[in-house]
Amino acid sequence: MAESFSLKDQLINADKVRLLAGWLAPVVPGFDADQFQRDVMARLLELELKARISWIAEVMARHLPDDFETSAALIHQALPPALDPTLTDDDFGDFIIDPFGQYVASHGLDRLDLSPPLLHALTQRFSMEFAIRPFLIEHKDHMFDVLMGWARDENYHVRRLASEGSRPLVPWGERIRWAVADTIPILDQLYADKTRYVTRSVANHLNDIAKSDPDLVVSTLRRWQKEGRQDTKEMAWMTRHACRTLVKQGHAGALELLGFRADAKVSIGPIAITPTDGKVAIDTKLEFAFDVTAERDEALIIDYVIQFQRSGGKLSEKVFKIKQADLKAGQTLRITKAHLFKGNATTFRLYPGAHQLTVQINGRAMGQVGFELV
């Protein structure tokens, strides 16, 4: 039987620790590379990914000078070459750089003369979106000015950090709890960027904002479209990506931006399901089909929503995509789909019991059918 894949072991392991020691040993006076590796490996394998990064930073602090100013200078000297600045996307660097950022956040939080420049250098090797967040929390005014400057930096990794580091809901990241409108001036500098790595972050940032202030997202995107500073195709892609949550919710302004009507004049026929008795076994598929008929010319986003049973009798909903379609007045489209209820998924556990499937068109519920997961 094949061994299960371990992301933490791929990203942070003994070889990576040896690499880190090899960077530090030539520049840190008295640095004992072998002892550093033994100290790190004493606990590393028992820890999860984020804990491994914190642990390495903690051990690193024991092997660096106590004075942060001295250690910051040594880290600058120890860093490997920056990532290729001629690329524009998918160049993420090496995770073993991340403990440097954790060290800076833990030991240099009050050294605004030293820490932001060091994070500027580090993020050109691996994104510092987690390390920067304590600085945004403790020193908002100063760091806002820093991010505004970084948004115009010549290095696209630095520009991306101005957006990604200040995202309201970045995965795994500490909440900075700025008002969501506070970061719009930063995004105003970045949305016209020519690199997808940056514009993807801007779109994800807006999608975060959409969860608390949808109208701000729509008005910002509408303003950017009118300004015309971004390529038309890239602006359209950013708009779709930024509005993906709002489209699922049927937000009229977001749908309008994308060329869809929230009040689409369509009807659907009965939803036929297989198994016909409505009893779906875990690790099998629910198949369903229905007709969509347009009363006028319509651009449609057709989704389905499953209301799942959760532990303790709670319910949760997940939206799944079917397709986009353009229908002429009087045209009927037949939709068929199958949904696999995978029982051993690590990210979402299934619970037997009553479930519901809802067809959603342009964000509006159009028809429902119940079934039982057994």
Side-chain angles (χ1 to χ4, degrees), residues 79 82-93 97-98 100-102 104-105 108-109 111-210 213 216-217 220-221 223-224 227 229-231 234-235 237-239 241-242:
L79 292 180
L83 298 170
D84 186 350
T86 67
L87 300 179
T88 60
D89 202 2
D90 296 330
D91 191 16
F92 300 106
I97 297 288
D98 210 21
F100 283 127
Q102 183 65 50
V104 174
L109 190 56
R111 292 303 304 266
L112 297 181
D113 55 333
L114 300 174
S115 294
L118 184 49
L119 293 175
H120 180 279
L122 287 167
T123 207
Q124 295 178 57
R125 286 124 175 119
F126 184 81
S127 178
M128 291 291 108
E129 63 210 57
F130 306 130
I132 198 174
R133 297 178 81 82
F135 293 90
L136 303 184
I137 293 168
E138 295 296 326
H139 307 289
K140 177 182 176 181
D141 292 342
H142 179 88
M143 292 305 299
F144 175 82
D145 292 338
V146 169
L147 295 186
M148 286 293 287
W150 287 357
R152 295 183 285 269
D153 197 90
E154 64 180 10
N155 186 282
Y156 75 94
H157 289 279
V158 177
R159 298 196 303 273
R160 182 214 184 232
L161 182 60
S163 168
E164 197 71 9
S166 59
R167 276 180 59 184
L169 303 174
V170 68
W172 293 1
E174 186 176 5
R175 299 289 183 262
I176 64 171
R177 307 202 183 281
W178 291 14
V180 290
D182 291 344
T183 59
I184 294 298
I186 299 169
L187 304 186
D188 285 341
Q189 298 291 325
L190 293 169
Y191 86 87
D193 205 278
K194 300 309 178 186
T195 62
R196 176 57 67 86
Y197 196 46
V198 176
T199 56
R200 183 187 297 111
S201 176
V202 171
N204 285 333
H205 194 133
L206 286 182
N207 187 57
D208 285 357
I209 294 176
D213 196 340
L216 176 61
V217 171
T220 298
L221 288 167
R223 174 167 56 83
W224 290 351
E227 290 174 358
R229 292 170 50 213
Q230 180 57 274
D231 173 80
E234 186 69 6
M235 189 70 238
W237 179 88
M238 290 173 61
T239 301
H241 201 58

Charged N-O contact under 4.0 Å between Arg196 and Glu234: yes

If I compare all heavy atoms of Ser166 with all of Ile176, which pair ends up nearest, and what's the gap? O-CD1, 3.6 Å

Criterion side chain to side chain contact (heavy atoms under 4.5 Å, CB included) against Leu119, the qualifying member of Val158, Val104, Leu114: Val104

For Asp231 and Met235: C-alpha separation, side-chain torsions, deciding distance, then whether side chain to side chain contact (heavy atoms under 4.5 Å, CB included) applies. CA-CA 6 Å; Asp231 173 80; Met235 189 70 238; over 6 Å; no

To the nearest 0.5 angstrom, please state how far the CD1 atom of Ile97 sits from the CG atom of Leu79. 6.0 Å

side-chain contact (heavy atoms from CB on, under 4.5 Å) involving Thr88 - partner list, sequence neighbours excluded: Thr195

side-chain hydrogen bond (donor to acceptor under 3.5 Å, both in side chains) partners of Glu174, counting only residues at least two apart: none

Would the number of heavy atoms belonging to other residues, nucleotides or ligands and lying under 6.0 Å from CZ of Arg177 be above 12? no

Roughly how far apart are Met128 CE and Leu122 CG, rounded to 0.5 Å? 5.0 Å

With sequence neighbours excluded, what pairs up with Asn155 under the side-chain hydrogen bond (donor to acceptor under 3.5 Å, both in side chains) test? Gln124

By the ring-ring contact (aromatic ring centres under 6.0 Å, His included) test, which pairs, at least two apart or in different chains, include something from residues 157-195? His157-Tyr197, Tyr191-Trp224

Please find the pair of heavy atoms, one from Ala162 and one from Ile186, that lie closest to each other, and give the distance. O-CG2, 3.7 Å

Donor-acceptor contacts under 3.5 Å from residues 136-151 side chains, at least two apart:
residue	atom	partner	partner atom	Å
His139	NE2	Leu109	O	2.9
Lys140	NZ	Asp182	OD2	2.5

Can you measure from OG1 (Thr199) to CG (Asp193) and round to the nearest 0.5 angstrom? 7.0 Å

Pairs satisfying salt bridge (charged side-chain N to carboxylate O under 4.0 Å, His left out), at least one member in residues 114-135, at least two apart: Glu129-Arg160

Considering only heavy atoms from C-beta outward, does the side chain of Phe135 approach that of Leu112 to under 4.5 Å? yes

For Asp113, the salt bridge (Lys or Arg N to Asp or Glu O under 4.0 Å) test, sequence neighbours excluded, returns Arg111

What heavy-atom pair brings Ala242 and Leu221 nearest, and what distance separates the two atoms? CB-CD1, 4.1 Å

Over all heavy atoms of both residues, which pair between Ala105 and Ala131 is shortest? Give the atoms and the distance, please. CB-O, 3.6 Å

Got a second to check how far Ile209's CD1 is from Leu216's CG, nearest 0.5 Å? 5.5 Å

Please identify each residue that fulfils side-chain contact (heavy atoms from CB on, under 4.5 Å) with Arg223, with sequence neighbours left out. Ile184, Asp188, Thr220, Glu227

Can you give me every donor-acceptor pair (side chain of residues 201-208, partner residue at least two apart or in another chain, under 3.5 Å) with its distance?
residue	atom	partner	partner atom	Å
Ser201	OG	Ser163	OG	2.9
Ser201	OG	Glu164	N	3.2
Ser201	OG	Glu164	OE1	2.5
Asn204	OD1	His241	NE2	3.0
Asn204	OD1	Arg244	NH1	3.3
Asn204	OD1	Arg244	NH2	3.0
Asn204	ND2	Arg200	O	3.3
His205	ND1	Ser163	O	3.1
His205	NE2	Thr183	OG1	2.9
Asn207	OD1	Thr245	N	3.4
Asn207	OD1	Thr245	OG1	2.8
Asn207	ND2	Thr245	OG1	3.4
Asp208	OD1	Arg167	NH2	3.2
Asp208	OD2	Arg167	NE	2.9
Asp208	OD2	Arg167	NH2	3.3
Asp208	OD2	Leu169	N	3.0

Would you give the length of the straight line joining atom CG of Leu118 to atom NE2 of His120, rounded to the nearest 0.5 angstrom? 11.5 Å

Return the OG to CG distance between Ser127 and Asp98, rounded to the nearest 0.5 Å. 8.0 Å

